[in-house]
Amino acid sequence: MLQVMDYSKEPRRDILCIDVKSFFASVEAVERKEHPLKARIAVVSKPDSNGGLVLASSPMVKKLYGIKTGTRLFEIPKHARIDIVRPRMALYLEKNLEIISIFKRFVSDEDLHVYSIDESFLDVTQSHRLFGSTADIARQIQAFVWEELHLVVTVGIGDNPLLAKLALDHAAKHDQAHNFIANWHYEDVQETVWNIAPLRDFWGIGSRTEQHLNRLGIHSIRDLAQADVGKLKKKFGVIGEQLFFHAHGIDRTRLSESFVPKGTSFSKNQILNKDYTDKHEVEIVIREMAEENAMRLRRHHLSTGLVKLSIGFSRDVAERGFSHQLPIAQTDSSRKIIEGLLVLFYRHYQPIPVRVVNVTFGKIEPKSALQLSLFEPAEKLISQEDLDKTIDMIRKKYGYTSLLHASSLSSGGMAVYRSKLIGGHRSGIQK
DNA sequence: TCTGGGGTCCTAGGACCC
DNA sequence: TCTGGGGTCCTAGGACCC
């Protein structure tokens, strides 16, 4: 007996999920006046290190060498005729904005949800009178993006955001014959959604959840749709229930309601170029990362009330590392933030080689008036604040490298290197 | 010799309160 | 005399996404 859903009460919207084919690599191709589908480019996170990671590769590179996102640099054959390119995040961000401006010709702001640097959802239910059918709108967007930017976009169409996203990932991206557009609706779930394999390719299922499901005898999306919801809920909590409904193509998210940018945390993550055995060198890295993150706070007139520090140990040891957080008085002061992080660091430090450092600020709030602490004389507080602002101003004008704390100049310091990065990647902007 | 970086959400267990 | 119980908040860890 097949478990099938009654879709008559489910929302039916006209949702597009759009992404740019091999976005970073395609932008690089266009910059070189090449056709994005014919170019042979791989954008690699750290081209200088064998451990560098492919962030995007041209369709041709995928086809000829099987190189895709996540491939390591050392896995790329030496003889391969591929341009290995350093990421230019600032450039991609610019192109992203141009593409979004094209979307806005077709939908109002509330019906647009920018999901990532190269993926957006559009609810075009209200756009038909002006622009025609859903498929017409998809084709017009493709045409505009091609004419104006020479980029190829792929479009998934569905009754809700999930179906649109699945249509995009599992059909549109691979289907050049149909002009990179795919349409999935409730009626097609059994022939489309249920056939997605392996499990981990499904949105929301990673390798861990796949293993867990396998242990429960669930090996396909069809199996998942036939499973006992009660049991899933018991094993996975609310996620279990959600997985079950997703397997049936059900998703009640309304774009116009869901689009509430959270923005509650800022984080900096860094895999060090070697294992750090000297705790002072780790401290310096923490200071730098905190400083950069604090600059970001001040630039946006925000403050944090919670600092988190995660330390990952070297792969050579059995221990994994630790992660701790500490509430602090709402602040944007580098000094206070660093103080909190170092409390965490020295409270939990063990003499084990460190390879990964993560600094996160939580409880981010708009900065109101100057927040005075009861325990600190007001004058001292203000002067520290002025100092931070001055430092930021100079850095904004002359670049991060123009002002470094003395500690950053020792061998553990990577601030200079990192200053050339935006979002962890080279910005491509000359300082 | 091989470790990207920036996010969000969920959960279990403990502290604390009434 | 009693191993109460529920709510809320916090923390650490895990899992996922692009």
Side-chain angles (χ1 to χ4, degrees), chain A residues 17 19-20 22-24 43-56 68-76 86-87 89 92-93 96 114-121 161-162 165 168-169 199-213 233-243 246 258 260-276 289 292-293 296 305-317 320-327 344 348 353-364 418 421-427:
Chain A
C17 182
D19 88 340
V20 183
S22 308
F23 182 46
F24 299 172
V43 178
V44 174
S45 67
K46 292 174 168 175
D48 311 319
S49 143
N50 258 336
L53 195 78
V54 174
L55 300 176
K68 48 185 200 282
T69 304
T71 300
R72 297 276 162 196
L73 194 51
F74 63 84
E75 295 175 301
I76 298 178
R86 201 179 287 285
M89 296 309 287
Y92 312 149
L93 221 47
N96 172 249
V114 178
Y115 183 61
S116 73
I117 193 165
D118 82 321
E119 244 180 87
S120 293
F121 289 93
L162 176 75
K165 168 81 170 135
L168 173 77
D169 289 344
L199 276 178
R200 63 175 175 282
D201 283 358
F202 192 88
W203 188 82
I205 302 180
S207 62
R208 304 301 298 272
T209 305
E210 180 185 57
Q211 288 170 29
H212 196 166
L213 287 167
K233 202 173 174 187
K234 219 181 233 161
K235 298 274 182 189
F236 296 91
V238 296
I239 300 276
E241 205 174 12
Q242 200 186 54
L243 282 177
H246 283 179
S258 70
V260 186
K262 285 275 190 297
T264 54
S265 76
F266 280 0
S267 71
K268 285 261 162 212
N269 197 65
Q270 190 174 177
I271 296 180
L272 304 168
N273 52 10
K274 59 172 204 271
D275 291 346
Y276 278 32
M289 294 172 74
E292 290 174 50
N293 229 6
R296 209 176 138 195
L306 183 77
V307 292
K308 299 192 216 189
L309 176 70
S310 300
I311 297 290
F313 296 140
S314 164
R315 255 185 203 161
D316 301 342
V317 302
R320 301 197 48 192
F322 60 82
S323 171
H324 295 281
Q325 63 184 57
L326 184 70
L344 289 173
H348 300 281
V354 170
R355 194 55 178 260
V356 187
V357 179
N358 182 89
V359 166
T360 299
F361 300 168
K363 273 200 217 148
I364 293 197
R418 291 182 58 78
L421 315 177
I422 283 188
H425 306 296
R426 295 288 170 117
S427 66

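Every heavy atom of this structure was used, including side-chain atoms; hydrogens, water molecules and symmetry mates were not. Per chain, numbering begins at 1; letters A, B, ... match sequence-line order.
- Between the NE2 atom of A:H212 and the P atom of C:dG14 there is a distance of 15 Å, given to the nearest Å.
- Closest to the A:P327 side chain, of the nucleotides C:dC18, C:dT11, B:dT8, is C:dT11.
- Panel note: side chain A:N358, backbone A:S267; no donor-acceptor pair is recorded below 3.5 Å.
- Nearest-nucleotide assignment on DNA chain B puts the 5′-proximal partner with A:V356, out of A:R296 and A:V356.
- When the nearest nucleotides of DNA chain B are assigned to A:S314 and A:N293 by heavy-atom distance, the more 5′-ward of the two goes with A:S314.
- Distance, A:N273 CG to B:dC2 C1': 13 Å, rounded to whole Å.
- Nearest to the side-chain atoms of A:F74 among the listed nucleotides B:dC2, B:dG5, C:dT11 stands B:dC2.
- Comparing C:dC16, B:dT3, B:dC10 against the side chain of A:R208 picks out C:dC16 as the nearest.
- Between A:Y92 and A:V43, some side-chain heavy-atom pair lies under the 4.5 Å cut-off.
- For A:L306, whose side chain is taken as the heavy atoms from C-beta onward, the closest listed nucleotide among C:dT11, C:dC18, B:dG5 is C:dT11.
- The CE-P distance, from A:M89 to C:dC18, rounds to 15 Å in whole Å.
- Here B:dG6 sits opposite C:dC17 as a Watson-Crick or G-U wobble pair (both hydrogen-bonding atom distances under 3.5 Å).
- Among B:dC2, B:dT11, C:dT11, the nucleotide with an atom closest to any side-chain atom of A:D316 is B:dC2.
- Within the 4.0 Å cut-off from OP1 or OP2 of B:dG4, at least one side-chain nitrogen or oxygen of A:R72 is found.
- Here the side chain of A:R315 is nearest to one of C:dT11, B:dT3, B:dT8, namely B:dT3.
- For A:S49 and B:dT1, the shortest distance from a side-chain N or O to OP1 or OP2 is not below 4.0 Å.
- For the OP1/OP2 pair of B:dG5 and a distance below 4.0 Å, the side-chain nitrogens and oxygens of A:K268 include no atom meeting the criterion.
- One finds a side-chain N or O of A:R355 lying less than 4.0 angstrom from the OP1 or OP2 phosphate oxygen of B:dT3.
- Across all strands, A:S207 comes closer than 4.0 Å only to sugar-phosphate atoms, never to a base (heavy-atom distances).
- If you check every strand for non-hydrogen atoms under 4.0 Å, A:I117 touches nothing.
- Between A:T360 and B:dG6 there is no side-chain polar atom (N or O) within less than 4.0 angstrom of OP1 or OP2.
- Across C:dC17, B:dC10, B:dG5, the shortest atom-to-atom separation from the side chain of A:I239 is found for B:dC10.
- Remark: C1' of C:dA15 and CG of A:L213 are 13 Å apart, rounded to the nearest angstrom.
- Residue A:K165 has a polar side-chain atom (N or O) positioned under 4.0 Å from OP1 or OP2 of C:dC18.
- Regarding A:Y92, its OH atom lies at a distance of 16 Å from the P atom of B:dG6, rounded to whole Å.
- OP1 or OP2 of B:dG7 sits under 4.0 Å from a side-chain N or O of A:S267.
- When atom types are taken as modelled, the side chain of A:R355 and the backbone of A:I271 share no donor-acceptor pair closer than 3.5 angstrom.
- Side chain of A:E119 to main chain of A:S116: no donor-acceptor pair is present (N/O by atom type, distance under 3.5 Å, no hydrogens or angles).
- Between B:dT3 and C:dC18, the distance separating the two P atoms is 24 Å to the nearest Å.
- Look at CD on A:Q325: it is 18 Å from P on B:dG13, rounded to the nearest Å.
- Residue-level contact check: A:F23 touches neither bases nor backbone, having no heavy atom under 4.0 Å from any strand.
- Among the heavy atoms of the strands lying under 4.0 Å from A:D118 are primed sugar atoms or P, OP1, OP2 only; no base atom is included.
- Protein atom NZ of A:K233 is 14 Å distant from nucleotide atom C1' of B:dT11, rounded to whole Å.
- OP1 or OP2 of C:dG14 sits under 4.0 Å from a side-chain N or O of A:R320.
- Between A:R315 and A:D275 there is no salt bridge, since no side-chain N of the basic residue sits under 4.0 Å from a carboxylate O of the acidic one.
- The interatomic distance linking A:W203 (CH2) with C:dC17 (P) rounds to 8 Å, in whole Å.
- Heavy-atom minimum distance, A:L53 versus A:G70: CD1-O, 3.4 Å.
- Stacking of A:K233 on the aromatic ring of A:F236 is not recorded, the 6.0 Å distance cut-off and the 45° axial limit not both being met.
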